[in-house]
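Report on the structure given below.
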Amino acid sequence: MEPRTATLRRRAVPSSLSTQGYTPVGQDSTVPAPARAKHAPATSTWRSMGIALLLFVLALLVRTFQIGQPSEVVFDEVHFGKYAAFYITGRYFFDVHPPLAKLMVALGAWLAGFDGRFEFNTIGESYIDTNVPYRQMRAFPALIGSLYVPLVYMILRETGISMLISSVCALAVLADNAHILQSRLILLDAPMVLFILCSLYTYIKFYTQRYKPFSASWWCWLFATGISLALTISCKMVGVLTFATIGGAVLFDLWDLLDIRRGLSMRRFMKHFCARAFALIILPFFVYLGWFYVHFALLTKSGPGDDFMSTRFQQTLVGNDLLQNAMELHYLDTITLQHRATEAYLHSHDHHYPLKYDDGRISSEGQQVTAYEHPDSNNLWKIMPVRPINNEDGSFNRTLRRIYHGNMIRLMHVGTNSFLLAHDVASPLMPTNEEITTVPAEHLADELDDTVFELHIDGGVVNQTTWHSRRSRVRLIHNTTRVAVWTRPNGILPSWAFGQLEVNGIKNAMDKTALWVVDDVQPDPSSPMYDTRIRPASKPEDPKPIPFLDKFLELQHLMLEHNSKLVQSHPYASRPWTWPIMLDGVLYWSQDSTRRQLALFGNIVGWWAGLFGVLLFAAVFTLDLLLRRRGQYHIATVVRHRYLRTTGFFVFAWACHYLPFFIMGRQLFLHHYLPAHVCAILVLGGMLEMLTSRGIELPLSRPGPFMSSDRQRPRMHRRFYTTAYVTAGVLVAALVAMYIFLAPFTYGHVGLTAAQLHARRLLPSWRMQYAK
């Protein structure tokens, strides 16, 4: 049996309610609860609003303090400031993140009067010399970052945490140096964290309406949750982790509703299911889609992101080079072929493969065909026909001279008068791929079939799509063995090939990295159309529109592909296991003359306290589970259920926003932990409340066996021990002291001596500029 609390008098509740997690409501005979309940809610609401407003003002002050320091481009401002400039000037760019947060940065820049001429080219570039309104541009994300501080307070209050503990936890975010620095620069993290917290808050508000399903307020908070989730993932792709958080909670809720003891019919259950599916999946998708529509609507001109997109997409951009200078290719034209992925040219020279490679394999000793990264006369190839291209009387035939998707061609190397050839001989570096070489023109008859390649234009239609320079991306597929001419960035040949890139025949002929583009064209002088073809059209053709969904799907594919390729090394990249204890920071900016620096270090008091809260939750409830197996009930069921549903939800949010990074192979930094850190602070709030207070259950304002309205919900009053105020005071003092101690790294407004830097090296693994 579970021990009774001496101060509580219990009343029986129908079993149908107890199975739902509702608890008997008792009354403390020494507390005139009904009298206080009449006036307390209004007073408490106004007091909470005042505290939230005060937190916002304080957060804004600490985030805008010295906002003009440094007056130079800092860290990733070089990217996101540049994107704001591109939005304002309408030039197309490519980024791995969805557009919302960048659009918000651009909006702030536009409101500040930024004209988009400054392009944030390098870290350390001066804002003052170029008259950029950078203070106002930084103030906009600072304002956004200030908004999520009171939101932390409101979330905790909504889950029943006291004003005292909620205020302390909000202060832990307000005075966190990492959050301050990340939200006072032109970066994307402040909007993302704001919308993550909005998603948590709106879902909690929705959950509190569970006693009034399908009411107006129930629908409003459900739709608000869906919109918040959409805004989160529209900032960064990691917003999908917030979808996992809310999705897990929704599935748990639906599982409860499915319980037959709830008395819910399957028709009613399906209504619940469909409502959530529409509001949390379908609605967010269309909101997410809408931001890309705005993205494409603003970026209508040719820009630095053109080359990432398909030629079909590029032709929709005003001023694109494909429209200005593309030329229709004909047989007998001389061209240079550039590999899309490496930007190296198809090349050959009068040197041969060695008879024997280092691994003992034998080659054909054919002429080397490589990929060379610089313009060179040995990059020239002439397009030779397989069939006659003139009329029978020898007169010129324009139709036969054109080259279509699916046509057969030969490529003759101009410098050595030899023909491109693929054959069943292993390539130098990849024995699984075929060797690409050339055969001299005088021996062409002996290797005639092996010199024929099928032209495959990406997205082309057989006998309809013509081959153009710059515009057409093509594969050269060997007609006999069906391999495609291919190269790769790390396929560097030995010194016998002068360190150039290997070209070989890849068996997956449709590989997306086997694409080539004609960069330069020398039209055939013998063609009667020579004079007209060497001159570009006086007026480029108008861009051809393509459906929005086609552009959207193409961009989504590229975003996911390039996000997975962010594996480059960085001196301040870190792995997830180092983040909660903050083993190291990230240097954002430094100035040798003044010894000032900006570095991302979190308030170590708040970070360790948050980790402590998560570990304590796991320890307490794991131990309680084990004890309950032995019939020992040290935590009352009502208290246990309450904290599992509230603090447990925050632990789940922390896990969803942290653990997936362990399986990511991409480049990671400390700032990726910021959403999880905020969730850890929410967990800390629940555990502090549990440790420093006890629950007093207040009676129902209108007792009854069923709870069909908010007025009939059980309510919990918290009575604090003295340790609560002592703990809160110590924690606040430590947070503020640590914030001030690390402020020189957060604001970069003062330089520090080597001794002062060593004093601030709280962990030996922290790296600091000028510490030697």
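Here the CG atom belonging to Leu583 is positioned 9.0 Å from the OG atom belonging to Ser574, to the nearest 0.5 angstrom. The distance from atom CG of Asp76 to atom OH of Tyr83, rounded to the nearest 0.5 Å, is 9.0 Å. Distance check, rounded to the nearest 0.5 Å: CD of Glu72 to OG1 of Thr122 gives 9.5 Å. Distance CG/Leu241 to NE2/His657: 5.5 Å, rounded to 0.5 Å. Going from atom OG1 of Thr480 over to atom CZ of Phe453 covers 9.0 Å, rounded to the nearest 0.5 Å. In this structure, Trp467 CH2 and Asp333 CG are separated by 9.0 Å, a value rounded to the nearest 0.5 Å.
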*Evaluate side chain to side chain donor-acceptor pair (under 3.5 Å) for Ser363 paired with Glu435, printing each intermediate quantity in order.*
CA-CA 8 Å; Ser363 79; Glu435 179 188 87; 4.7 Å; no
_Working note: Val425 + Tyr353, criterion side-chain contact (heavy atoms from CB on, under 4.5 Å); need CA distance, chi angles, decisive distance, verdict._
CA-CA 12 Å; Val425 175; Tyr353 295 114; over 6 Å; no
*Given side-chain contact (heavy atoms from CB on, under 4.5 Å), test Met664 with Arg575 step by step and report yes or no.*
CA-CA 10 Å; Met664 292 185 187; Arg575 295 310 302 166; 5.5 Å; no
_Pair Asp458-Arg312, salt bridge (Lys or Arg N to Asp or Glu O under 4.0 Å): steps then yes or no_ = CA-CA 10 Å; Asp458 194 34; Arg312 182 176 176 229; over 6 Å; no
*Check the pair Glu454, Arg482 against salt bridge (Lys or Arg N to Asp or Glu O under 4.0 Å), reporting the backbone distance first and the verdict last.*
CA-CA 9 Å; Glu454 178 187 315; Arg482 307 308 293 174; 3.2 Å; yes
*Verify salt bridge (Lys or Arg N to Asp or Glu O under 4.0 Å) between Asp524 and Lys382, making sure each step is shown before the conclusion.*
CA-CA 9 Å; Asp524 174 27; Lys382 192 169 187 176; 5.0 Å; no
_Could you walk me through whether Leu329 and Ser469 satisfy the side-chain contact (heavy atoms from CB on, under 4.5 Å) test, starting with their C-alpha distance in whole Å, then the side-chain angles of each, then the deciding distance to 0.1 Å, before giving a yes or no?_
CA-CA 7 Å; Leu329 298 173; Ser469 66; 4.3 Å; yes
*Step-by-step side-chain contact (heavy atoms from CB on, under 4.5 Å) determination, Leu317 to Asp306*: CA-CA 8 Å; Leu317 300 173; Asp306 293 15; 3.3 Å; yes
_For His79 and Phe120: C-alpha separation, side-chain torsions, deciding distance, then whether ring pair (Phe, Tyr, Trp, His ring centres under 6.0 Å) applies._
CA-CA 7 Å; His79 298 301; Phe120 301 81; over 10 Å; no
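Between Phe498 and His351, the angle of the ring planes goes over 60°, which puts this pair in the perpendicular group of the 30/60° scheme. The aromatic rings of His347 and His349 sit perpendicular to each other, their planes meeting at more than 60°, with 30° as the lower class boundary. The aromatic rings of Tyr92 and Phe296 sit parallel, their planes meeting at an angle under 30°, below the 60° perpendicular limit. Using cut-offs of 30° and 60° on the angle between ring planes, the pair His405 and His456 is perpendicular.
One N or O on the side chain of His478 and one on the backbone of Ala422 form a donor-acceptor pair closer than 3.5 Å. Judged by distance alone, with hydrogens and angles left aside, the side-chain atoms of Glu125 form a donor-acceptor pair with the main-chain N or O of Asn121 at under 3.5 Å. Between the side chain of Gln597 and the backbone N or O of Gln769, at least one donor-acceptor pair lies under 3.5 Å. Looking at Glu554, its side chain does come within 3.5 Å of a backbone N or O of Ser310 through a donor-acceptor pair. Without hydrogens or angle criteria, Thr336 side chain to Asp520 main chain gives a donor-acceptor distance under 3.5 Å. A distance-only check finds a donor-acceptor pair linking the side chain of His468 to the backbone of Thr466 [under 3.5 Å]. No donor-acceptor distance shorter than 3.5 angstrom exists from the side chain of Glu119 to the backbone of Lys82, with no hydrogens or angles considered. One N or O on the side chain of Arg361 and one on the backbone of Pro428 form a donor-acceptor pair closer than 3.5 Å.
Side chain to side chain, Thr451 and Arg410 meet the donor-acceptor criterion of an N or O pair below 3.5 Å. The closest side-chain donor-acceptor pair between Tyr345 and Asp376, if any, does not fall under 3.5 angstrom. No hydrogens or angles considered: nothing links the side chains of Thr487 and Glu502 as a donor-acceptor pair under 3.5 Å. For the residue pair Gln338 and Trp516, no side-chain donor N or O sits within less than 3.5 Å of a side-chain acceptor on the partner. Judged purely by distance below 3.5 Å, without hydrogens or angles, the side chains of Glu434 and Ser427 never pair a donor atom with an acceptor atom. Judged by distance alone, the side chains of His330 and Glu328 do bring a donor and an acceptor atom under 3.5 Å apart. Between the side chains of Tyr588 and Gln182, at least one donor-acceptor pair of N or O atoms lies under 3.5 Å. Side chains of Gln368 and Thr437: no donor on one and acceptor on the other come within 3.5 Å. Defined by atom type and a distance below 3.5 Å, a donor-acceptor pair is missing between the side-chain atoms of Glu373 and Thr342. A donor-acceptor contact closer than 3.5 angstrom is absent between the side chains of Trp381 and Thr334.
No more than 12 heavy-atom neighbours from other residues, nucleotides or ligands sit within 6.0 angstrom of CZ on Arg117. Other residues, nucleotides and ligands contribute more than 12 heavy atoms inside 6.0 Å of the CH2 atom of Trp589. Annotation: Asp358, atom CG; neighbour count of heavy atoms from other residues, nucleotides and ligands within 6.0 Å does not exceed 12. The 12-atom threshold is exceeded at CZ of Phe548, counting heavy atoms of other residues, nucleotides or ligands nearer than 6.0 Å.
Contact annotation: the side chain of Tyr288 approaches that of Ile233 to within less than 4.5 Å [non-hydrogen atoms, C-beta and beyond]. Side chains of Trp486 and Met430 form a contact here, defined as non-hydrogen atoms less than 4.5 Å apart. By the 4.5 Å heavy-atom criterion applied to side chains, Met559 and Leu555 are counted as neighbours. Here the side chains of Val518 and Ile335 are in contact, with some heavy-atom distance below 4.5 Å. The closest side-chain heavy-atom distance from Asn379 to Leu346 is not below 4.5 Å. Within the 4.5 Å cutoff, the side chain of Leu501 has heavy atoms near those of the Ile492 side chain. You'll find the side chain of Phe292 stays beyond 4.5 Å of the side chain of Lys551, heavy atoms only. Looking only at side-chain heavy atoms (C-beta outward), Arg488 and Asn490 come within less than 4.5 Å of each other.
Taking the six-membered ring where the residue is Trp, the centroids of His374 and Tyr372 are separated by under 6.0 Å. Not less than 6.0 angstrom separates the ring centroid of Phe669 from the ring centroid of Tyr572. Proximity of the aromatic rings of Phe661 and His672 is defined here by a centroid distance below 6.0 angstrom, and this criterion is met. In this structure, Phe93 has its ring center closer than 6.0 angstrom to the ring center of Tyr87. Here Tyr658 and Phe662 bring their ring centres to under 6.0 angstrom of each other.
Nearest heavy-atom pair across Ile457 and Thr465 is CD1-O, 3.6 Å.
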